[in-house]
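A quick write-up on the structure given underneath.
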Amino acid sequence: MDKLSFEQTIAVLGAVADGLIASKDELTALDAALGDGDLGRTVERGFKAISDALQTNEEADLGKLLFKLGKVFGDAAASSFGALFGTALRKGGMALKGKTELTAADIADGMQAALDALIELGKAKIGDKTMLDAIHPAIQAIRACESTDVGACLRAAADAAQAGAEQTKTMQSMIGRASWQGERSIGQMDAGARAIALMLDAAARKVMSDGP
Amino acid sequence: MDKLSFEQTIAVLGAVADGLIASKDELTALDAALGDGDLGRTVERGFKAISDALQTNEEADLGKLLFKLGKVFGDAAASSFGALFGTALRKGGMALKGKTELTAADIADGMQAALDALIELGKAKIGDKTMLDAIHPAIQAIRACESTDVGACLRAAADAAQAGAEQTKTMQSMIGRASWQGERSIGQMDAGARAIALMLDAAARKVMSDGP
Amino acid sequence: MKKILNHPENYVPELLSGLLAAHPHRLKSVAGDVHCIVRADAPRQGKVGIVTGGGSGHLPVFLGYVGAGLLDGCAVGDVFASPTVDQMYHVTKAVHGGAGVLHLFGNYGGDVMNFAAAADQAAMEDSIEVATVLVADDVASAPPERADRRRGVAGMVYAFKIAGARAEQGGTLAEVKADAEHALANTRSMGVALSPCILPQVGKPTFTLGDDEMEIGMGIHGEPGTARGKLESADAITDALLDRIMADIDLSGAEVTVMLNSLGATPLEELYIMYNRVLSRFKAAGVTVYRPYIGRFATSMEMAGASITVMKLDETLKALLDAPATSPFFDNGQYL
Amino acid sequence: MKKILNHPENYVPELLSGLLAAHPHRLKSVAGDVHCIVRADAPRQGKVGIVTGGGSGHLPVFLGYVGAGLLDGCAVGDVFASPTVDQMYHVTKAVHGGAGVLHLFGNYGGDVMNFAAAADQAAMEDSIEVATVLVADDVASAPPERADRRRGVAGMVYAFKIAGARAEQGGTLAEVKADAEHALANTRSMGVALSPCILPQVGKPTFTLGDDEMEIGMGIHGEPGTARGKLESADAITDALLDRIMADIDLSGAEVTVMLNSLGATPLEELYIMYNRVLSRFKAAGVTVYRPYIGRFATSMEMAGASITVMKLDETLKALLDAPATSPFFDNGQYL
Ligand SMILES: Nc1ncnc2c1ncn2[C@@H]1O[C@H](COP(=O)(O)OP(=O)(O)O)[C@@H](O)[C@H]1O
Ligand SMILES: Nc1ncnc2c1ncn2[C@@H]1O[C@H](COP(=O)(O)OP(=O)(O)O)[C@@H](O)[C@H]1O
Ligand SMILES: [Mg+2]
Ligand SMILES: [Mg+2]
Ligand SMILES: [Mg+2]
Ligand SMILES: [Mg+2]
């Protein structure tokens, strides 16, 4: 399909939430290796709050919904990731205001707005070993996607994000808690980048399983 | 022999000190079971100080020497046992003032004076599961000793003290730290009583090894 | 052994010289012995001197309460061991300002016998009038009919505060003694231990507790308590301590001050969780809290655990509790 | 898990309600949320408000420094976790007395981003002027050329004290901010960890250290340090911390205040043993101590370990350090 309907988008968001909650132990372990080991808990709290908000949603504008979910996420899990990802959702929502369905290009636009906001708020650069290093290649993959099928483009985005997360193993952390590890951070995967890859993977799976 | 000469008495005191220092771990373990586990350290410090004082002794009056050693012991190890045993030595010394050699009866007299002082200071009774329960039968054994040989009488005293220490296993502790164990104290040997038995045993061995 | 130290044998002299160097305006040592610590302004003429003493390893107890409105001097022993008669005597002599000296300390055999000898010596050699009050507040350590046999734990801090205030106000030796006794007659404590501490010179714990165990009623040197069992909830632990305390002293309708004391490793956060339960139990019993003291007042080095102390108040005790008091380890302003 | 608690998930709300019930004359919560704590007399008209915030599990940090001559409010997060933007905003609003608000807190990503959003909200919705000062005193966490990336540890207590004194004296927002920055420019810290702590909701340590190991430079949430190795002597540990601090700031001939801080389980006794070494190192470098702060000022629950903080003084900082300050967790009278 070349568009995600409103209902499909809600279903995809729900699947992302479930997928990340299921992966919390992996994220905790990755964050413990480089930071303080609370990312699993952050993601669990944040996505649980998003799940709950989706159950009772009455907002019909997808942009406004994402904006609201950003606030919900940040309030539920006020860590670095929570503040950053909450802001990303809000800014992505602002870019998609008025939409009731999403093309692959819309998704790329929303993610680009989110990325810009993350850079402004978090002051990290691409290559600093953060979630940016998963988001950035994912956007490029959607832009480069020759199919009009949203599922196929999300699959490409997820694969690029995972490749980006793998790539963080070679980087030295330059920002946030993990930067205190200095050179010891080299060799480990960034937990936030892995979280982004898991989100896009869950989204792609959900869209593909719902058929073209 | 029916008297301990001045030099023999000094040698016996030295042997007692060495013997008790060698037994410190046993005493620590016994005190740990019922109290706070510091008796080994108390005995080590106290008898080390006595050893040192004996090296440099210039006092020719055995009574005055014991009095001085009592103060040395109490200052070196200011625990319950240290305060009590230091006082016992002082009061025993006062009873033996003027002596330059000791018969078995003298030893019994000194020990009786010490026992009286312990009861006055510590407020314990015979049967309260303390060192009194080793000292009391030891005095009785010397008084009952039919030999005039100091070594034989000390042997009898040591055996009686050890029997008394064994007997404390059946008692409930009524005083000091161990009394906080209440009924749980039954079955364990009192550490202070065992220390007295060890002292008398070391004394008896030393006298016997020096021959009659 | 997870301790920051140099030579275990020098633990106490090293910590004392660090402490004296840190607080020269407040404290000094006498008789050339760092174990003999008195207020920098001792002796204070005309004021009753108050002296305590006991083993090291319990900071702020004992010497942490030497200060204005508190104690005048402290004889410091080795870790968990009594100071010597001489040390007690020197401190007594150094704080005597002509109005006599109160010996106020915990009911432990070595301390009791040594303080008795020191008091005799001060009377004999220096004609100092010495009175003695023993702290025996731990209800877990003996039944009511043998209350005189109980050991002294965190309740001594209330005794220091009350007696210290009276002495600072110019009370006579008899008055200071009477107030200390009055405070203690109204004070009860009980504690729980979750993990042991390690004596520096021994290098290993004197007792062990399983990973999921606690001992209710344990003393501050690891003396046995009333029950060892599985670690329970904060509410259940608080109930176990309060049940025993409230069975020992009638608090119904009373106004009290309550002290929640960490034995060392237990964080303040957990004391506040316990305090919730204390308040609901008190509410049910019609007990009101005049003022809580929550923190580390009497510790056992790095032992994990906590104790609760209750002092039933009347107008006299309230006024003395409110009086100013300050030392390098305690400032009553924090609790007002 | 050797903790006194009820339900791990309720750890923070339970401790906060116990704490608010214990100190009603001093503290209150606002916005119907126990995580939003301010002085009982907030807002104080005409006075600059000072707000901090951060995770729980560090008492007295953070909320323990809400008090007279100190901070006006604190947003409290879950254990080791940032409070929310809303909580920070509500506290900011509640302490605003017309003279603006300083946000003064540790340099941790979540806190930085959330405080920034809260400051925007306070400016947008209530026209409150907010200034921000980050505490980044831990020399172990980044080299001098990246000093802005360092984390905030016990040095924040000096920043609270200095800024709080200036605000109490009627300083403007710009003055209070300048003094906080001046204090921090002269403050450096570094710590050592001997054993980990356990997050109540996690139930196991986030890192492990061998029985004979320590980690020099570790942060107060268990963040990695500069070197892990065998446990060394108190003197060697003190040297390792001071070497790094004194390489980062020139102290020669300076007058300083020094804070020896236990991370929780480490007893005060050990801090005084370290203080001996601090003094001899300072003596050799011509550094004099104006006044030491020795105790538990910034902890990590039951973690064993210690930190050293040095603040280089001038007449301004000395006067502000001496100013009265009192909270239920800190009374400056104790250190004078
Ligand atoms: N300034 C930043 N910009 C972008 N991403 C960041 C930044 N700081 C942290 N992150 C991401 O957040 C992840 C850690 O989040 P979290 O565990 O919440 O941090 P903390 O526990 O330190 O507050 C990192 O793995 C990284 O991907
Ligand atoms: N009041 C007393 N009278 C007689 N003996 C006592 C008394 N109190 C203790 N003891 C003896 O001292 C021994 C313990 O000595 P010690 O370990 O020094 O005590 P603590 O460590 O409690 O000060 C006991 O085993 C007992 O034999
Ligand atoms: Mg984290
Ligand atoms: Mg003992
Ligand atoms: Mg003892
Ligand atoms: Mg975190």
>> My understanding is that only residues two or more places apart in sequence, or in another chain, count here; which of them pass salt bridge (Lys or Arg N to Asp or Glu O under 4.0 Å) with D243(D)?
In response: R281(D)
>> For L209(C), which atoms come within 4.5 Å of any heavy atom of chain D: side chain, backbone, both, or neither?
In response: both
> Looking at residues at least two apart in the chain, or sitting in another chain, which of them share a salt bridge (Lys or Arg N to Asp or Glu O under 4.0 Å) with R39(D)?
Replying inline: D41(D), D72(D), E168(D)
>> At a 4.5 Å cut-off on heavy atoms, which part of L271(D) comes close to chain C: side chain, backbone, both, or neither?
In response: neither
> Should I4(C) and I273(D) count as side-chain neighbours, where that means a heavy-atom distance under 4.5 Å?
Replying inline: no
>> Nearest 0.5 angstrom please: N332(D) CG to D331(C) CG, how far?
In response: 9.0 Å
> Between Y275(C) and L19(D), is any pair of side-chain heavy atoms under 4.5 Å apart?
Replying inline: no
> Is the backbone of E213(C) close enough, under 3.5 Å, to the side chain of K2(D) for a donor and an acceptor to pair up by distance?
Replying inline: yes
> Got a sec, which residues hit salt bridge (Lys or Arg N to Asp or Glu O under 4.0 Å) with E232(C), two or more places apart in sequence or on another chain?
Replying inline: none
> Between P267(D) and Y11(C), which heavy-atom pair has the shortest distance, and what is it?
Replying inline: CG-OH, 4.5 Å
> Is there a donor-acceptor contact under 3.5 Å from the side chain of Q334(C) to the main chain of Q334(D)?
Replying inline: no
> Is it the side chain or the backbone of D212(D) that comes within 4.5 Å of chain C heavy atoms, both, or neither?
Replying inline: backbone
>> Only pairs of heavy atoms separated by less than 4.5 Å count here; which of S327(D), P292(D), G264(D), A22(D) has the most with chain C?
In response: A22(D)
>> Tell me if a side-chain donor or acceptor on R26(D) pairs with a main-chain N or O of L336(C) at a distance below 3.5 Å.
In response: yes
> Between H23(C) and Y272(D), do the side chains contain an N or O donor and an N or O acceptor separated by less than 3.5 Å?
Replying inline: yes
>> Can you give me the closest heavy-atom contact between G333(C) and T326(D), atom names plus distance?
In response: O-OG1, 3.7 Å
>> Using only atom types and a distance under 3.5 Å, with no angle test, would you say the side chain of N276(C) pairs donor to acceptor with the backbone of E14(D)?
In response: yes
> Roughly how far, to the nearest 0.5 Å, is CG of L15(D) from CG of L268(C)?
Replying inline: 10.0 Å
> Where on M301(D) is there a heavy atom nearer than 4.5 Å to chain C: the side chain, the backbone, both, or neither?
Replying inline: both
> Using a heavy-atom distance cut-off of less than 4.5 Å, which residues of residues 302-310 of chain D contact chain C?
Replying inline: E302(D), A306(D)
> For A234(D), does its backbone N or O pair with a side-chain atom of N6(C) as donor and acceptor, under 3.5 Å?
Replying inline: yes
> Under the 3.5 angstrom rule, does the side chain of E269(C) hit a backbone N or O of L59(D) as a donor-acceptor pair?
Replying inline: yes
>> Between R296(D) and chain C, with a heavy-atom cut-off of 4.5 Å, which part of the residue counts as in contact: side chain, backbone, both or neither?
In response: side chain
>> Tell me whether K318(C) at atom NZ has more than 12 heavy atoms from other residues, nucleotides or ligands lying less than 6.0 Å away.
In response: yes
>> Can you tell me which of C197(D), S262(D), A265(D), P13(D) forms the most heavy-atom pairs within a distance under 4.5 Å of chain C?
In response: A265(D)
